[in-house]
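See below for the structure under consideration.
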Amino acid sequence: MSGPHAPIAELAAGLEQGDLTSEALTSACLEAIAAHAGLNAFIEVYSDEALAEARQADEAIAAGRRRGPLHGIPVSLKDLVDVAGRPTTAGSRVRRGHRARVDAPVVSRLREAGAVIVGKCNLHEFAYGTTSEDSAFGPVSNPLDGSRSAGGSSGGSAVSVATGMAVASVGTDTGGSIRIPAAACGLVGLKPTFGEVSAEGVVPLSRSLDHVGPITRTVDDARLVLDGMTGRRSGPLKPAGVGALRLAEPRGYLLDLVDEEIRAVFGGALEALRARGAIIAATEIPSAALGPSVYLGIQLVEATAYHARTLEKHPEAYSPAVRLRLELGRYVLAEDHVRALAGQRWLRREVDTALEGFDALALPALPIPPPPVGAAFVTIGDRSEPVRSLMLRQTQLFNLTGHPAIVLPCGTTAAGLPCSLQLVGARGRTADLIAVAAACEAVFSSL
Amino acid sequence: MTLDAWKAAAIEDARARNLPDLVPLIEALARAIEALRRAAWNEDASGAPEADA
């Protein structure tokens with residue numbers, strides 16, 4: 001296997017040994033973009049530039065100037081990230097006419113690592129949604145099942161990786177926007193520790209909650225792309241020994257409302273880990289149920305402050321649902337915002353405490369399978385719940401607290417829809433979390 | 001501002017701005033803020049000791 005679906009380490013070896021060229025790999029991605037145009041994953045494709053960059057990569061590698069494992073690897077970007085001389089649309093008509101002056105630092109880093117940028121991906125408008133259905137460029141479709149949401153807001157990024165349009169993609173995550181579409185499309189999505197990857201040059205949704213990270217096919221690919229984004233070299237992946245893993249299930253709010261089929265797959269995944277020696281125990285995040293209230297008290301305010309000027313001048317330029325969320329932020333009182341900031345600090349301590357003695361928290365990435373396209377509510381048991389709050393339910397807490405979190409596939413529903421495990425690690429120890437995820441991935445792939 | 005007064009003012013403003021679809025969102029936000037105001041981490045100006053997380 002040497003196409004865009006192969007692991008980056010394998011592609012990198014092929015490129016280094018001359019068995020594969022970046023030009024051929026990039027051409028395969030561009031062909032996939034054309035073949036799957038109906039999925040609406042891309043807003044702008046950099047065909048000529050990408051092929052030119054690929055040829056330069058091939059020449060440099062042949063001349064012994066290989067920069068590392070990302071050299072010659074095609075990567076896509078969520079169209080929230082600046083590329084010099086190009087528009088950053090944020091999926092919105094509001095940004096019409098924009099052109100970025102310089103590359104965002106995360107793009108500069110990836111270019112320094114030799115990555116080939118194939119284009120910019122579609123997203124939920126201004127990253128303000130979980131389905132990628134509200135975009136000025138039309139909705140993104142899930143390649144696994146066109147009747148289901150691709151997840152969001154980095155929906156185009158996930159679809160680009162799932163279909164071989166790119167080997168990896170750069171996404172952003174303010175409440176789950178890397179992890180949700182990765183889970184909906186059966187991929188790996190990594191939200192690093194807050195601040196670990198620069199968010200400069202990235203259109204903000206909520207600056208104190210925004211994270212930048214990779215969407216990939218494997219955990220090792222996520223590690224390699226994170227290295228590229230940060231300029232670090234983490235060395236070969238060393239999966240943690242499954243028999244030495246100590247995982248904690250956060251009982252209560254985060255596991256109370258889960259679709260029965262998802263719960264069964266999640267339980268089976270933990271059982272498989274337990275059978276190989278992992279210790280899985282219960283832990284508590286006592287105030288987790290207050291996470292959405294705290295989140296709203298911060299995220300609404302920050303998003304609205306950023307958009308206030310355009311919201312007043314051109315409210316009609318926003319999609320209706322995004323406009324309403326922005327309008328809502330205008331009503332939050334300062335005293336409640338301060339309460340939310342105190343709650344953020346409180347929740348961070350609670351998650352730190354819940355992790356004590358454990359390598360990671362383990363919980364479903366999504367409490368439901370990817371929801372039907374256009375659905376505002378779905379039923380769990382006998383309850384009808386808003387899709388948006390369900391899709392954020394398991395993820396947004398860790399944007400508040402800044403802990404690194406990664407999702408990876410751990411099974412499927414009877415209908416073949418992906419189910420994903422979310423692992424949450426200690427702040428500042430993303431590499432350790434990746435090692436835990438790699439150990440779990442090895443077990444799940446052998447089932 | 002009490003929560004009830006805040007909610008009533010917000011809904012009145014939304015309707016005055018011809019944004020009736022905002023009303024259910026304001027009602028949901030009011031429930032979230034009610035929970036936020038009841039949270040254990042809120043300080044007490046009477047000097048009562050703060051609880052620890």
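Lettering follows sequence order; numbering is per chain, from 1.
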Atom group of [X] that falls short of 4.5 Å from chain B, counting heavy atoms:
{"X": "A:Leu296", "result": "side chain"}
{"X": "A:Ser389", "result": "neither"}
{"X": "A:Arg345", "result": "neither"}

Please report the shortest heavy-atom distance between [X] and [Y], naming the atom on each side.
{"X": "B:Ala14", "Y": "B:Ile26", "value": "CB-CD1, 3.9 Å"}
{"X": "A:Ile298", "Y": "A:Gln344", "value": "CD1-OE1, 3.7 Å"}
{"X": "A:Ile368", "Y": "A:Ile380", "value": "CG2-CD1, 3.5 Å"}
{"X": "A:Gly175", "Y": "A:Thr395", "value": "O-OG1, 2.6 Å"}

Short N-O contact, A:Glu327 and B:Arg17, less than 4.0 angstrom:
yes
Taking atom types as modelled, is there a side-chain donor on A:Ser319 or A:Glu125 under 3.5 Å from an acceptor on the other?
yes
Students often mix this up, so state it plainly: with edges at 30° and 60°, are the rings of A:Phe126 and A:Tyr318 parallel, tilted or perpendicular?
tilted
Picking from A:Pro286, A:Ser293, A:Pro320, A:Gly297, which has the most non-hydrogen pairs under 4.5 angstrom with chain B?
A:Ser293
Among A:Leu290, A:Leu300, A:Val294, which residue forms the greatest number of heavy-atom pairs with chain B at distances under 4.5 Å?
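Among the listed options, the one with the most contacts to chain B is A:Leu290.
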Residue by residue, scan residues 4-12 of chain B and write down, ordered by number, those that have a heavy-atom distance under 4.5 Å to chain A; if none do, write 'none'.
B:Trp6, B:Ala10
Residues of residues 336-343 of chain A contacting chain B, heavy-atom criterion under 4.5 Å, by residue number
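Residues A:Asp336, A:Arg339, A:Ala340, A:Ala342, A:Gly343 are the ones that qualify, each having a heavy atom under 4.5 Å from chain B.
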What do you reckon, is CZ of B:Arg37 surrounded by more than 12 foreign heavy atoms closer than 6.0 Å?
yes
Apply side-chain contact (heavy atoms from CB on, under 4.5 Å) to the pair A:Val387 and A:Phe377, showing each step before the final yes or no.
CA-CA 5 Å; A:Val387 163; A:Phe377 290 82; 5.6 Å; no
Portion of B:Arg38 that has a non-hydrogen atom of chain A nearer than 4.5 angstrom
neither
Which region of B:Leu22, side chain (C-beta onward) or backbone (N, CA, C, O), has a non-hydrogen atom less than 4.5 Å from a non-hydrogen atom of chain A, or is it both or neither?
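Backbone plus side chain of B:Leu22, per the 4.5 Å heavy-atom cut-off to chain A.
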Checking A:Asp210 against A:Phe194 for the side-chain contact (heavy atoms from CB on, under 4.5 Å) test, could you report, in this order, the C-alpha distance in whole Å, the side-chain angles of both residues, the deciding distance, and whether it holds?
CA-CA 8 Å; A:Asp210 292 341; A:Phe194 179 73; 5.5 Å; no
Roughly how far apart are A:Arg246 CZ and A:Thr283 OG1, rounded to 0.5 Å?
10.5 Å
Are A:Pro367 and A:Gln394 packed together at the side-chain level, in the sense that at least one heavy-atom pair is separated by less than 4.5 angstrom?
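With C-beta onward as the side chain, the pair touches.
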Hey, does the Lys NZ or Arg CZ of A:Arg393 hover above the aromatic six-ring of A:Tyr253, less than 6.0 Å from the centre and inside 45° of the axis?
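Geometry flag: set, cation within 6.0 Å and 45°.
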